[in-house]
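A quick write-up on the structure given underneath.
Source: prediction; values computed, not measured. Below, read A as the first sequence line, B as the second, and so on, with proteins coming before strands; counting in each chain starts at 1.
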Amino acid sequence: MIFAKVIGTIVSSQKDENLNGKKLLLCKEVDHNGNPLNSYHVAVDAVQAGEGSFVLLSYGSSARMTETTKNSPIDAVIIAIIDNVQMTN
Amino acid sequence: MFLARVEKKIISSQKHDAYKGKIVFAVQPVSPDGTAKGNEWIAIDYVGAGIGDLVICGGAPGVAKNVFGLDLAPIRTLIIAIVDKINYHDIN
Amino acid sequence: MKLGLVVGVVWSTKKVREINWCRMYIVQPISTSGEEIDTPLVVADPKNLAACGDKVIYVTSTDASQAFESGFAPVNASIVELVDKIV
């Protein structure tokens with residue numbers, strides 16, 4: 001899993017029918033402090049995240065292992081909204 | 001699959017059910033000439049390897065499931081062979 | 001599988017149902033001699049094995065879901081073993 005920040009939404013009308021009803025969000029990868037890294041991901045929202053949310057994103061075949069994304073042609077899903085990250089020294 | 005040398009043994013008492021009764025080793029991937037290459041991996045022994053042995057590690061998702069006959073097997077790397085001898089001719 | 005050191009906790013109240021009860025940690029991959037390698041990653045702990053400061057073994061990619069009782073969880077890495085000693 002990676003940390004990401006939701007930076008926008010994606011609207012699409014012509015898509016695979018398994019994607020109908022799923023919210024697509026544009027996310028930017030960040031580190032554990034919230035500093036932006038260089039890559040962007042388009043992820044399906046499974047936790048009602050909104051723009052600006054600090055989220056946990058799961059990618060690859062594991063992304064299809066939620067109730068929302070089962071059998072859909074996707075490879076990234078938002079699995080949690082992060083409240084806080086605590087690091088030991 | 002990759003060639004590796006068995007380096008250390010990992011001892012643990014609290015583990016996932018699938019790991020119970022299995023020996024876990026830290027292996028160092030090596031080139032055919034024996035020089036270390038890349039980072040260490042953790043592998044489960046399937047052939048009775050010992051520390052210092054040159055082995056072949058591998059296993060794709062789902063392999064461990066069939067090998068150990070488990071329902072759930074969060075096992076990625078298996079030691080699947082002990083190497084006796086490598087015959088090779090390096091083109092460099 | 002790889003060796004890592006638990007260096008942090010990720011707190012989250014809103015998670016997908018499949019991993020709702022599961023704790024998430026930040027793990028720094030290390031070598032058996034203790035040197036840090038690569039960058040830290042987020043790892044799930046479905047068996048409640050670890051705490052901060054522990055050395056653990058984690059499994060990545062497809063097999064990570066297999067560490068859950070259901071075998072169905074959207075995670076990329078899971079802790080499967082708590083290391084007592086390396087000999």
So which residues of residues 7-19 of chain B are in contact with chain C at a heavy-atom cut-off of under 4.5 Å? E7(B), K8(B), K9(B), I10(B), I11(B), S12(B), S13(B), Q14(B), K15(B), H16(B), D17(B), Y19(B)
For chain C, which candidate among V24(B), I42(B), D71(B), I51(B) shows the most heavy-atom pairs at distances under 4.5 Å? I42(B)
From the list V59(C), I79(C), D63(C), the residue making the most non-hydrogen contacts under 4.5 Å with chain B is D63(C)
Using a heavy-atom distance cut-off of less than 4.5 Å, which residues of residues 26-36 of chain C contact chain B? S31(C), T32(C), S33(C)
Quick check for you: to the nearest 0.5 Å, what is the distance between F68(C) atom CZ and L72(B) atom CG? 11.5 Å
In Å, rounded to the nearest 0.5 Å, how long is the span from CG of L78(B) to CE of M1(C)? 7.0 Å
Hey, which of A64(C), G71(C), A67(C), S78(C) has the most heavy atom pairs under 4.5 Å with chain B? A67(C)
Using heavy-atom distances under 4.5 Å, tell me whether I75(B) contacts chain C through its side chain, its backbone, both, or neither. both
One option among L49(C), T62(C), T60(C) has the most heavy-atom pairs under 4.5 Å with chain B, and it is L49(C)
Give the intermediate values and the outcome of side-chain contact (heavy atoms from CB on, under 4.5 Å) for residues L3(C) and E40(B). CA-CA 8 Å; L3(C) 188 68; E40(B) 286 164 319; 5.7 Å; no
In short, R76(B) meets S61(C) closest at the heavy-atom pair NH1-OG, 2.9 Å
Which bit of I57(C) is near chain B, if near means a heavy-atom gap under 4.5 Å: side chain, backbone, both or neither? side chain
Which atoms of K47(C) approach chain B - backbone, side chain, both or neither, heavy atom under 4.5 Å: side chain
Taking atom CH2 of W41(B) and atom NZ of K2(C), what is their separation to the nearest 0.5 Å? 4.0 Å
Looking at every non-hydrogen atom in both residues, tell me the closest pair between N39(B) and D38(C) and how far apart they are. ND2-OD2, 3.9 Å
Within a 6.0 Å radius of atom CG on D33(B), are there more than 12 heavy atoms belonging to other residues, nucleotides or ligands? yes
